[in-house]
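Beneath this line is the structure, given in structure tokens, with notes to follow.
Values reported hereafter were calculated over all heavy atoms of this structure, with side chains retained and with hydrogens, waters and symmetry mates removed.
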Amino acid sequence: MPVQAVAIVVCEGVQALDVAGPMDVFSEANTFLGSADRYEMVLVAAHRNPLRASNGIRMVADLTFDEAAGGFDIVLVAGTPTPPEAAPEPCLLRWVKELPWRSSVYGSICTGAFVLGYAGLLDDRRVTTHWQDAQALAARFPQARVEPDLIYVRDGRLITAAGVTAGIDLGLALVGQRHGAETALKVAKRLVVVAQRQGGQSQFSPYLTAPADPESPIARIQDHVMANIGDRHTLESLAAVAGMSPRNLARHFGQVTGTTPHEFIERARIDAARMMLEASDRPLKAIAFDCGFGSVDRMRIVFTTRLGVTPVQYRASFRRAEPE
């Protein structure tokens with residue numbers, strides 16, 4: 001196989017691990033590959049002046065956007081700790097807009113997805129970003145299909161990763177796809193990381209954040225659902241808790257939380273099941289019942305759809321060891 005040219009796009013305030021994570025994966029992969037089959041990596045930026053990463057490290061680009069006029073096999077846009085508040089500088093935006101023609105595989109790590117969004121590359125595509133910024137990404141680019149649970153998402157030639165260390169997972173996935181699972185496993189061992197993490201990108205729920213007013217009708221509903229997670233909840237029953245009509249509740253709930261009551265309930269059930277799977281050896285049937293799924297089959301379908309793994313796989317990945 002020919003040499004793979006990899007470009008990582010950086011800017012002032014970039015998250016250092018968004019850059020170093022995938023670069024270390026490709027660099028370690030080179031130790032197991034022939035010289036004609038290696039990865040060659042460059043940093044691309046608006047200029048060659050030193051850039052200060054968010055942790056204080058200084059980086060210098062190998063190429064400017066004008067100099068990086070040729071094609072690459074892989075291009076990844078690194079993110080910053082917080083999403084950009086406005087469209088990126090014009091030279092970056094022009095260069096990123098050409099990624100579908102400039103590269104075989106293109107994508108982002110963490111909030112780099114916002115740059116892709118401003119470039120119009122997320123429309124009608126499945127994508128992810130850091131869980132804390134997923135709702136903002138969906139709001140700013142409503143035509144994107146944001147998957148907040150997943151560590152990385154591949155949609156054709158577009159590949160996006162969640163926050164920070166998820167860039168390592170993305171790099172390992174790309175190495176595995178090109179050179180096989182055995183090579184990816186060797187690289188993971190060298191980096192002392194899991195070869196392929198499974199399940200949601202966090203072991204806690206980013207969905208169950210409280211409203212600004214803890215006494216609000218929405219807060220009462222959330223408290224009620226989480227305190228009675230195993231019960232059957234309908235829009236009508238929740239409206240009674242909130243003291244609102246079902247129609248007004250559906251509208252108000254969406255305005256406050258950015259999701260629907262049904263969506264919140266399902267994510268709350270997943271969150272409760274996650275904690276039980278991590279912290280106990282209880283049978284799946286009991287967990288499914290107590291968390292309101294009704295059956296193991298239903299819980300399996302929801303986990304597979306939302307997290308990409310079964311409850312058994314999730315437990316195997318995240319089961320907390322008992323203290324000695």
> Does Glu263 pair with Arg306 as a salt bridge, N-O distance under 4.0 Å?
Replying inline: yes
>> Tell me whether the rings of His179 and Tyr39 are parallel (<30°), tilted (30 to 60°) or perpendicular (>60°).
In response: perpendicular
> Do Arg220 and Asp223 meet the salt-bridge criterion of a basic N to acidic O distance under 4.0 Å?
Replying inline: no
> Does Leu33 offer a backbone N or O that forms a donor-acceptor pair with the side chain of Asp37 under 3.5 Å?
Replying inline: no
>> Phe114: which residues meet the ring pair (Phe, Tyr, Trp, His ring centres under 6.0 Å) condition with it, sequence neighbours left out?
In response: none
>> To the nearest 0.5 Å, what is the distance between CG on Asn55 and CG on Leu17?
In response: 7.5 Å
> Who pairs with Arg251 by side chain to side chain donor-acceptor pair (under 3.5 Å), at least two apart in sequence or on another chain?
Replying inline: Asn248
> Hey, does the side chain of Asp133 reach the backbone of Pro83 with a donor-acceptor pair shorter than 3.5 angstrom?
Replying inline: no
>> Which heavy atom of Arg157 sits nearest to which heavy atom of Pro100, and what is that distance?
In response: NH2-O, 2.9 Å
> Counting only N and O atoms by type, is there a donor-acceptor contact under 3.5 Å from the side chain of Asp123 to the main-chain atoms of Gln143?
Replying inline: no
> Considering residues, nucleotides and ligands other than Phe289, do more than 12 of their heavy atoms fall under 6.0 Å from its CZ?
Replying inline: no
>> Once rounded to the nearest 0.5 Å, what's the spacing between atom CD1 of Ile265 and atom CD1 of Ile221?
In response: 9.0 Å
> If you look at every heavy atom in Asp62 and Glu67, which pair is closest and at what distance?
Replying inline: O-OE1, 4.2 Å
> What pairs with Phe72 under ring pair (Phe, Tyr, Trp, His ring centres under 6.0 Å), at least two apart in sequence or on another chain?
Replying inline: none
>> Nearest 0.5 angstrom please: Cys291 SG to Glu266 CD, how far?
In response: 12.5 Å
